[in-house]
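Convention: sequence-line order gives letters A, B, ...; per-chain numbering from 1.
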There are 2 protein chains.
Amino acid sequence: MERVVTEKDITIKDVAKHANVSVATVSRVLNGLDRVSESTRKRVLKVIDELNFVPNTMAASMVKKKTNMLSVVVPEIQNPFYTAVIGGTVEVAKKAGFFTLVVSTNGDEAEEAEFFESFLSKNVDGIILIGTHKEAEFYRTIRKPTVLVDRYINNSGLDGVMIDNYRGAYEATRHFLEYGHERIAIIDGAHDFNDGKDRYWGYQQAMVEFGVTPDPKYHKQGSWLEESGYRSTVELMQSEYPPTAIFAANNLICQGAIKAFRDLKLDIGEDISLIGFDENELAQFVQPRVTVVRRPTHEMGTQAAEMLIQKIKENDADQSNPKKVVLDVELMKRGSVKKLN
Amino acid sequence: MERVVTEKDITIKDVAKHANVSVATVSRVLNGLDRVSESTRKRVLKVIDELNFVPNTMAASMVKKKTNMLSVVVPEIQNPFYTAVIGGTVEVAKKAGFFTLVVSTNGDEAEEAEFFESFLSKNVDGIILIGTHKEAEFYRTIRKPTVLVDRYINNSGLDGVMIDNYRGAYEATRHFLEYGHERIAIIDGAHDFNDGKDRYWGYQQAMVEFGVTPDPKYHKQGSWLEESGYRSTVELMQSEYPPTAIFAANNLICQGAIKAFRDLKLDIGEDISLIGFDENELAQFVQPRVTVVRRPTHEMGTQAAEMLIQKIKENDADQSNPKKVVLDVELMKRGSVKKLN
DNA sequence: TTGAAAGCGATACCAG
DNA sequence: CTGGTATCGCTTTCAA
């Protein structure tokens, strides 16, 4: 039977002993920075291999105070928008030598708070956060380089990468108006964060500018989930004066609306006009395809990661003058809006 | 201007000093386990608060050799199957007091290997792994409690939670056969892992049992991605003798097939019969809905987490007798298979 | 080029 | 109930 080596307990000390050098020397060859004679380096390397030695990263990090890890914290991992952002950050982080890991908070403040208490949050070098907490207070207690994505919290003191929600909603609504619609409904969720508020505001402003008074019965506010979008759509379409156009304020709501239209046997672009906010699977599947406000999801992630890494490298703990980047959105016109006259 | 406290450098020592106690005592109140007089406990707590002291989890973990963190490593975070598994493990882990974080390897062996080199992998208490590496060798080097999910690697020496891929594919194919189909195609990807192989095998066995010789031209092997499913479907349907039924061997391929049928203007359940493996968004959207082999995704995650936590608690490093759990699949019959006579 | 020793910031055992 | 101190495993001056 082969010899079973218990690698568990092998430390730098053992290596030093077996190689007849000091731990300092072993550490040197381990980190490759200092000058070590070629002969001893080889000897140490050999012992490391023989002993199957794996350095304890924790001990190292404890003195270096650096782990080369980033974490990205999102409300839900099922939403393609978030995974797109994650993809962007991972890509940039990787190039810069950082390992990225993902934490999903389920949109639960307690879970988010838990993360910030955890071993992990204390030991990553930086955090990219799509926050769930609403009060700036929470964010001000964060003691780590952090950049906010998508949802920005005023007075949080943190950097952020956002999009122009206002303009996106405004353009969508204006598109409806220009095509002759007036009974334009908006389906959204709670106005907990700036994004939701801004989208509603953009919708409203466009209406007002075109001299159409937003009718409260055309504002269906539920949750930001698909099911809610479905229900709101059904209610809207079964009401006495159904709208001719619906603006679905996020990807999930839009999917819910599309499913509702399927069940109600309403033809999109014919019986009802629709614009969604953010790309989504069904919008690209149905025919005609659904017009959406597209945002640079991937780029939001890359931007955020770049800002974060910059901050880490500069060892920038300065929260006094947060940088905000606002990326542009684009109305992808497809066939879901009917021209009225 | 307010006083700016540099919490960074406050350690248990400072607290001890300010509270006129030993570090041992501070550690005690920190961990709450040992008996400390109510008065000193209060005093220490007060100082902790005043100084805004945050214990260094790394130092603690270094001696405790425990972080209460689990990590789940998946090939891609965009695939709903994986997020469902993740959801299951997080749920169980949380109840057991473990924090879970997610790592996506992009199905890249190098990235997966990188994870196992990283600070993180060294410092979580356990790992749930949907592996990308193909050789058992790689898995045998893992020095952490680990449970494999979905893809099982023989001789890896690791525990695993899988499903009965063979039976799923077998049932699907048999369903086609019982409905009178004979020109049954299968679209799959590389047979890198047991799951793909088993599904193909199940398909084949069913055919043979019904006396139908599997025709190689009805086996389209591409990648496991949607685009490949789309292309294979188009090729199949535009060939001289198109199949009457298609078995799409995973969720993405099935979505690709559905999109292809849309573009080819073929009615599912009428012009072409379809069964997918694993639930997916489009299968539930189109009408009639698509019959699929459903697997207990969430449960795979919970099962794996339970096994892992058990292992951790037992401090079980024994790899000599890996446990394998095989969960059952179910054919969800919907309207996508036409009865032929 | 190499080694000795002082940390890094907690925990936990042993006394008292 | 409380304190002293060795220890966890590695990095990093400071000397040699």
I want to verify a distance call: between dT2(C), dC14(C), dT11(C), whose nearest atom is closest to the Val36(A) side chain?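 Comparing dT2(C), dC14(C), dT11(C) against the side chain of Val36(A), the answer is dT2(C).
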Please tell me which of the listed nucleotides, dG4(D), dC8(D), dC10(D), lies nearest to the side chain of Ala59(A)?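 For the Ala59(A) side chain, the nearest candidate turns out to be dC10(D).
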Taking the side chain from [X] and the backbone from [Y], do they hold a donor-acceptor pair closer than 3.5 Å?
X: Arg151(B); Y: Asn194(B); answer: no
X: Tyr139(A); Y: His133(A); answer: yes
X: Ser61(A); Y: Lys64(A); answer: no

Position toward the 5' end of DNA chain C (nearest nucleotide), Arg43(A) or Val26(B):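 Its nucleotide being nearer the 5' end, the pick is Arg43(A).
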Tell me: NZ of Lys64(B) to C1' of dA10(C), nearest whole Å?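 It works out to 9 Å between those atoms.
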Rounded to whole angstroms, how far apart are NZ on Lys17(B) and C1' on dG3(D)?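 Lys17(B) atom NZ is separated from dG3(D) atom C1' by 16 Å.
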Counting any heavy atom closer than 4.0 Å, what does [X] reach on the DNA or RNA strands: base, sugar-phosphate only, or nothing?
X: Asn20(B); answer: sugar-phosphate
X: Ser37(B); answer: sugar-phosphate
X: Thr40(B); answer: sugar-phosphate
X: Lys65(A); answer: sugar-phosphate
X: Ala24(A); answer: base

Would you check, one step at a time, whether the test side-chain hydrogen bond (donor to acceptor under 3.5 Å, both in side chains) holds for His18(B) with Glu50(B)? CA-CA 10 Å; His18(B) 285 252; Glu50(B) 283 170 1; over 6 Å; no
